[in-house]
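Each chain gets a letter, A, B and so on, in the order the sequences are listed, and its residues count up from 1.
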Amino acid sequence: MLLRMSSLFLRTLRDDPADAEVPSHKLLVRAGYVRRVAPGIYSWLPLGKIVMENVAAVVRDEMNKMGAQEVLFPALLPREYYEATGRWTEYGDTLFRLKDRKGGDYLLGPTHEELFTDMVKGEYSSYKDFPVTLYQIQTKYRDEARPRAGILRGREFVMKDSYSFDLDDDGLKRSYEQHREAYIKTFDRLGIRYKICFATSGAMGGSASEEFLAPTPTGEDTFVACHSCGYAANAEAYTTTPPASVTGEHPALEVLDTPGTPTIESLVACMNSDHGMAITGADTLKNVVVKVTTPGSTKSEILVIGVPGDREVDFKRLEASLAPGEPAIFEEADFAKNPGLVRGYIGPQVLKDLGIRYLVDPRVVSGTSWVTGANEPGKHARNVVAGRDFTPDGTVEAAEVRPGDPCPRCGSEVSLDRGIEIGHIFQLGRKYADAAKLDALGPDGKPIRITMGSYGVGVSRAVAVIAEQWHDELGLVWPREISPADVHIVGTGKENQVEKALEIAAALEARGVRVLVDDRPSVSPGVKFKDSELLGVPTVLVVGRGLSQGLAELRDRASGEKQEIPIDEAVERIAALVEGPAA
RNA sequence: CGGGGCGUGGCGCAGCUUGGUAGCGCGCUUGCUUUGGGAGCAAGAAGUCGCAGGUUCAAAUCCUGUCGCCCCGACCA
């Protein structure tokens, strides 16, 4: 491959685009890899297209190596497939919907579980056919409420999704492990730093699920990591370690006057000054009311969540815990309709009588004593003992996770970081197989319900993540396998320098090296250097003022190292770099 | 959906308070000079000032409405 900048469809920008915030977005636009067309929708220019293909090629290679077979489904799909699994309605506004000329409902596929399942059902029917794993690299569509961060989170994006079909749980486990290994190899090759995190399976049901999160400051997912045992989990999947249950006598429950204390802060201050206590927010029990709806039903249930007063309820964690139920904030109007719930002074003592379900943080174990609301305006109670004065209906992971919280595996302190999801592996189980009645006929003549796994890699997102993790103040710094070229040859000013650059470029191309050569006439050296730094090709060869002494300059984009080399050795030196020490 | 900001040549922005010739930088075209760090000089091309209505002799500027976009939050791969 040989790209000449004199004719390459490329325009680099000196200024950051006004609408870009994150580094990958700014750089991919400035370096002329992508251009925005509509919110969350981007065009890929020649260099960007090459980079995306390179990422796709790595993903494809690793999928093929693990024995998966590539297929391709349409992006434009009729409603009926998503009707059968209920997702036409469940997916909500995120689904891009459209009508054909006859008024028939169509959608742009956000994922393709239904199609894969249906295809396997159509072709395979014997246990001898299984297991099988299929994948595709497709453009997906999600009408996100708020697309952001350029390529990182678009409404149109390229994704590799694969599905495994197995006869039993052990087979599913094997398929899952194979994908896990393949993903590790894939992301290693892509040069992405990542953390494999336990994840919640959410509304999709199923059991084991892990996310590959690439840590970056601009990430949207929060994950918990333990640096002593290596445990890592999406914040939604973090499990709180409950203290041992407490036995022993507590003084009787006592109701105190605490006027004007609807918040934990004011309550703590009042207790300590007016009632001779020495407590912190952690000694109080905060009770948060939510209403929960289940998809497909219009009724909502009132639910009270009890967490230690020093912690906020993390709505994402609560949602994950309650899935498929969807919690919503209890509003003024709701309180008005439920006079038993006194806003700011709710205590669990009366919930049983009100017939309201009460779930508590795992730290609220039997025998613990709390300061909490007395269900009357201006009054709180102390010595409210779990198991004596109230009995929760269960526990719930809803409280926020904080750095320093205990690791559920080894007890050390965990840290919190942000990351971007680049891969997700997921033991789906039989939800889709059940919906499609996907069976194989067993050796005994009886049908076996197939069990599935689903696995995704964000291909276009990976491009942005690599840019996010591999750049400096000068521009992009691509890992070689992803880079649009192996070497960027800069021929500065003088005509003979450009000629020599082209000559070396041709020789390298003949060796199978992918070359980008800056042969633009009458462009000043400064501009060419800046562009080479912005574009981020890993190796840069400058054919310039040294030419008359038979020298060229070899630069490493990542380290910034420069060295003068005899120009006659340039081809060999570069070929060696590209082919690697082993080859 | 809540909060904040912005719509002016391809890109980045000024002008709006106080109405009167549409301006700057980058990029682009032509010529000459220049050629190791986003060159210089000269001459050019390119804008329904988001849209609609109103006020006015006159609107990018004032008023009303509307559409769109970006950022933060809520929500999602």
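B/U18 is unpaired under the criterion used here, namely a Watson-Crick or G-U wobble arrangement in which both key atom distances are under 3.5 Å. Across all strands shown, the partner of B/A52 is B/U64, judged by Watson-Crick or G-U wobble contacts whose two distances both fall under 3.5 Å. The nucleotide B/G44 finds its pairing partner in B/C28, both defining distances of the Watson-Crick or G-U wobble pair being shorter than 3.5 Å. B/U34 is unpaired under the Watson-Crick or G-U wobble criterion, no partner having all donor-acceptor distances under 3.5 Å. In this entry B/A58 has no Watson-Crick or G-U wobble partner, no candidate having both defining distances under 3.5 Å. Of all nucleotides present, only B/G23 satisfies the Watson-Crick or G-U wobble test against B/C13, with each distance under 3.5 Å. Here B/G2 sits opposite B/C72 as a Watson-Crick or G-U wobble pair (both hydrogen-bonding atom distances under 3.5 Å).
Comparing B/C11 with B/G47, their P atoms sit 14 Å apart, to the nearest whole Å. Distance noted for atom P between B/A39 and B/G25: 15 Å (whole Å). Comparing the C1' positions of B/G15 and B/G9 gives a spacing of 15 Å, expressed to the nearest Å. Taking atom P on both B/A60 and B/C16, the two are 14 Å apart, rounded to the nearest angstrom. B/C26 and B/C62 are spaced 30 Å apart, taking the P atom of each and rounding to whole Å. With P as the reference atom, B/C13 and B/G31 are 33 Å apart, rounded to whole Å. A gap of 12 Å separates the P atoms of B/G38 and B/G27, to the nearest Å. Taking the P atom of each, B/C72 and B/C51 are spaced 28 Å apart, rounded to whole Å.
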Nucleic acid footprint by protein, nucleotides 72-77 of chain B - heavy-atom cut-off 4.0 Å, B for base, S for sugar-phosphate alone:
BBBBBB
Each nucleotide in nucleotides 29-39 of chain B should get exactly one letter: B, S or -. Can you fill that in based on protein heavy atoms under 4.0 Å?
------BBBBS
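In the model, A/T492 has a side-chain atom that pairs as donor or acceptor with a side-chain atom of A/Q497 under 3.5 Å.
Aromatic rings of A/F116 and A/F73 (six-membered ring for Trp) have centroids within the 6.0 Å cut-off, being under it.
The shortest heavy-atom contact between A/A199 and A/N234 is CA-CB, 4.3 Å.
A/R36 has its CZ atom 15 Å from the P atom of B/G10, to the nearest Å. The nearest whole Å value for the distance from the CG atom in A/L10 to the C1' atom in B/C28 is 15 Å. When rounded to the nearest whole Å, the span between CG of A/D15 and P of B/A14 equals 13 Å. Here the P atom of nucleotide B/C70 and the CD1 atom of A/I41 are 10 Å apart, to the nearest Å. In this structure, NE2 of A/H25 is placed 9 Å from P of B/C70, rounded to the nearest angstrom.
Residues satisfying the ring pair (Phe, Tyr, Trp, His ring centres under 6.0 Å) criterion with A/Y176, sequence neighbours excluded, are absent altogether. In this structure, the ring pair (Phe, Tyr, Trp, His ring centres under 6.0 Å) partners of A/F212, at least two apart in sequence or on a different chain, are A/Y183, A/F187, A/Y194. The ring pair (Phe, Tyr, Trp, His ring centres under 6.0 Å) search around A/H471 returns none, not counting sequence neighbours. Under the side chain to side chain donor-acceptor pair (under 3.5 Å) criterion, A/E533 pairs with no residue, sequence neighbours left out.
Ring geometry, A/F96 versus A/Y141: the interplanar angle exceeds 60°, so the pair is classed perpendicular (tilted spans 30 to 60°).
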Do A/H179 and A/Y135 pass the ring pair (Phe, Tyr, Trp, His ring centres under 6.0 Å) test, and can you show the C-alpha distance, the side-chain angles, and the key distance before you say yes or no?
CA-CA 11 Å; A/H179 270 89; A/Y135 75 97; 9.0 Å; no
What do the steps show when you test A/D105 against A/R97 for side chain to side chain contact (heavy atoms under 4.5 Å, CB included), and what is the final call?
CA-CA 7 Å; A/D105 285 317; A/R97 298 155 206 268; over 6 Å; no
